[in-house]
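The structure appears right after this line, and notes come after that.
In what follows, chains carry the letters A, B, and so on, assigned in the order in which the sequence lines appear, proteins first and then strands, with residues in each chain numbered from 1. Note that the coordinates shown come from a computational prediction; the quantities given were computed from them, not determined experimentally.
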Amino acid sequence: MSRLNLTLCTKTALLPQTNKTIAAAAAATSTSASTGGKWNTELRELSKQGQYSQALFFYRQMLRSGATPNAFTFPFILKSSAALSLPLPAFQLHCHVIKSGCHSEPFVQTALISMYFKFCLLGNAYKVFDGSPDSRKLTVCYNALISGYVQKARFLNGLLLFREMMVQGVPFNAITILGLVPGCTIPGHLDLGRSLFCLVLKSGLKSDLAVANCFLSMYLRCGSVDMARRLFDELPEKGLIAWNAMISGYSQNGLAKEVLDLYHDMQLSGLCPDEVTFVGVLSSCANLGAQRIGLEIEEKLERRGFGCNPFLKNALISMYARCGNLVKARATFDAMMHKNLVSWTAIIGGYGMHGHGEVSVELFDQMIQGGIKPDKVIFVSVLTACSHAGLTQKGLDYFDSMEKKYNLKPSSEHYSCVVDLLGRAGRLVEARKLIESMPMEPDGPVWGALLGACKIHKDVDLAELAFDKVVELEPRNIGYYVLLSNIYSDADNEEGVLRVRVMMRERGLKKDPGYSYVEYKGRTHLFMAGDRSHPQTKEIYAELKKLEALKIKYGEQENDELKRDQAIVNTAALHSERLAIAFALLHANTETDILVIKNLRICGDCHLFVKAVSKFVNYQFVVRDATRFHHFKGGTCSCNDYW
DNA sequence: ATAGGGTTAG
């Protein structure tokens, strides 16, 4: 009889229909009511598969059948209750634990502790730990407590407990470190992270892959990219997670080129990228305006069956939006079944940065109508959209609604948006008043927004005030010096221009050396003026010569406008751009090619240069600078301003 | 058999 039961159980456990599983298992076990064993096996399966509500249901059946839960039952049940965010059963379950006399079992205790942490009931969690003298000898209990405190932003409590462990002589293990280290990412604790790292090196845990990955992501989250890279390079074996951590860490720190290089290296190493990898890579494509790589990745995603991953969908929306392909961004967005706040933020921000503020506002209202609650991040997108589209009143209304309607405290980032909003509209006095009314200390971007507005509306006096403030806060941000210098220059104030220049020299600030880069086959190629470091330098310079030759061919034509362009090809753009374009021409050889070039100085002469070159070729150029997308085709250019 | 953990979008 009992053998028959066993087969029944295992068979049904494999069925996807859980209700059947429960019924069958319940029927099967009802004959041997007092032994918890088969119940526990079933509970483990349900909990493993994430079917938590079924697990709880099953537990109730178990009690009804008269079986007694034991120390092997509760960990599953407590975990299920925590996963379902049902605090009421949590207390009931705690009572059950006590009733069945399992409360001093270490595994049950740990499960109780972590359950209480999931419900943010830190006091209750600590009481479980404190209430039993044995728990102070157990690594597992400390582990649960430490990781709980760290996850609930109580790093200090976690640290104190870790110290207590050391003092008491309780051994720590890899899990202890994994729980504690993420807390070192809060500002000012990196040194602590480093000491922990030393400790781990001595303890022999360094060979634990998870521990190494944990430190890796700690460094990356703290912005210590170089340190992270060193650690990464030293890893004896790099798993997928290490690559992913490094790639998304670069991506979050704005090192988009490094992301693409690393993605390339990863493929060379024979590892297969997964969803997490692609999220990081796509977000870097967005930053570089590298739509073509983005498109390739989208194809790959479809092939790999990652088409439905919401993280990836959102990354795609953002990538297309930031590359200026609003049509595709919108199509991706519209096709998404379950749009979340991030999806909305991406599309709203996309329209905003390309000057379609009205669409952004419309979408935002639509989102609110749909019952999605906005957060601080989306307000930044909406406010920026309003200011770039000149929707001043609308923006002010939204800003007002943040606190009143949605109980969101504006951060200084929101203030800088509104200063920008007012400033662009020429309401400089109000902008300044807003800054003075801020509940927190205004930061660089806030004063910078005012300075930018002064440039538009030619207010030299206010500009000087804003500059004094912003330079105090960000003395090494060269952009502000350039801005003020331009303001003086617009006002024909030669003395002012000179003063700024002297100031820059005294502080040792130099304009960044000009560089340009082109993306090609998943890699980004960087060129500086006079650069000969590229492996294809020879060919590139040859191509450049051919470009010069074009001018001769061109000069034969009798057309004034063309002659002017020819002169520009000849004399204008800086060397780094020429190299980048020569490289691009060298490699592009299909008619549908779109060359995406990110260029920091696609202004004036360089703009005309690319325009002239595009007359000679069948390719399209998309050049992205700090403020616009420039789309060159057949000698014409259309610009999509962000602003 | 059972807890605790490393990588993901705006």
At under 4.0 Å between heavy atoms, what does A/Asp274 touch on the DNA or RNA strands: base, sugar-phosphate, or nothing? nothing

Looking at B/dA1, B/dG10, B/dT7, which one has an atom nearest to any side-chain atom of A/Asn244? B/dT7

In terms of the angle between their ring planes, are A/Phe129 and A/Tyr142 parallel, tilted or perpendicular, with boundaries placed at 30° and 60°? perpendicular

Less than 4.0 angstrom between a side-chain N/O of A/Arg322 and OP1 or OP2 of B/dG10, yes or no? no

Does OP1 or OP2 of B/dT7 have a side-chain N or O of A/Ser217 closer than 4.0 Å? yes

Closest to the A/Thr345 side chain, choosing from B/dG4, B/dG10, B/dA1: B/dG10

To the nearest angstrom, how far is A/Leu220 atom CG from B/dG6 atom C1'? 12 Å

Any donor-acceptor N/O pair under 3.5 Å between B/dG10 base and A/Asn340 side chain: no

Tell me which pairs pass ring-ring contact (aromatic ring centres under 6.0 Å, His included) where either residue lies in residues 303-339 of chain A, with sequence neighbours left out. A/Phe333-A/Trp344

Under-4.0 Å side-chain N/O to phosphate OP1/OP2 contact, A/Gln109 with B/dT2: no

Integer-rounded Å distance: B/dT2 P and A/Met115 CE: 19 Å

Is A/Phe311 stacked on the base of B/dT8, meaning ring centres closer than 5.5 Å and planes within 30 degrees of each other? yes

Return a table of donor-acceptor pairs under 3.5 angstrom between the side chains of residues 362-371 of chain A and protein atoms on other chains or two or more places apart.
from: A/Asp365; atom 1: OD1; to: A/Tyr398; atom 2: OH; distance (Å): 2.8
from: A/Asp365; atom 1: OD2; to: A/Tyr398; atom 2: OH; distance (Å): 3.4

Counting side-chain heavy atoms from CB outward, which of B/dT7, B/dA1, B/dG4 is closest to A/Phe72? B/dA1

Within the 4.0 Å heavy-atom criterion, would you say A/Ala315 contacts the bases, only the backbone, or no part of the nucleic acid? nothing

By the 4.0 Å heavy-atom rule, please label A/Phe76 as base, sugar-phosphate, or nothing. sugar-phosphate

Among B/dG10, B/dG5, B/dA9, find the nucleotide with the atom closest to the side chain of A/Ser318. B/dG10

So, does A/Ser283 get its side chain near the phosphate of B/dA9, meaning an N or O under 4.0 Å from OP1 or OP2? no

Regarding A/Glu164 and A/Arg136, does a basic nitrogen lie under 4.0 Å from an acidic carboxylate oxygen? yes

With side chain to side chain donor-acceptor pair (under 3.5 Å) as the criterion, how do A/Asn173 and A/Thr139 come out once you've worked through the C-alpha distance, each side chain's angles and the decisive distance to 0.1 Å? CA-CA 8 Å; A/Asn173 60 17; A/Thr139 306; 5.5 Å; no

Would you classify A/Leu282 as touching base, sugar-phosphate or nothing, given that sugar-phosphate means primed atoms plus P, OP1 and OP2, and contacts are heavy atoms under 4.0 Å? nothing

Out of B/dA9, B/dG10, B/dG6, which has the shortest distance to the side chain of A/Ala210? B/dG6

Could you tell me how the ring of A/Tyr406 sits relative to the ring of A/Phe379: parallel (under 30°), tilted (30 to 60°) or perpendicular (over 60°)? tilted

Please give, in whole Å, the distance from B/dT8 C1' to A/Phe306 CZ? 12 Å

Could you tell me the separation between the CG atom of A/Asn143 and the P atom of B/dG6, rounded to a whole number of Å? 12 Å

Just to confirm, is there a sub-4.0 Å distance from OP1 or OP2 of B/dT8 to any side-chain nitrogen or oxygen of A/Gln252? yes

Which of B/dA1, B/dG4, B/dT8 is nearest the side chain of A/Val276? It is B/dT8

Over how many whole Å does the gap from A/Leu312 atom CG to B/dT7 atom P extend? 17 Å

Whole-Å distance, A/Arg221 CZ to B/dT7 P, equals 5 Å

Nearest-Å distance, CD1 (A/Ile241) to C1' (B/dT7)? 5 Å

Can you measure A/Asn213 atom CG to B/dT8 atom P for me and round it to whole angstrom units? 11 Å

Could you work out which one of B/dT7, B/dG10, B/dT2 sits closest to the side chain of A/Ser248? B/dT7

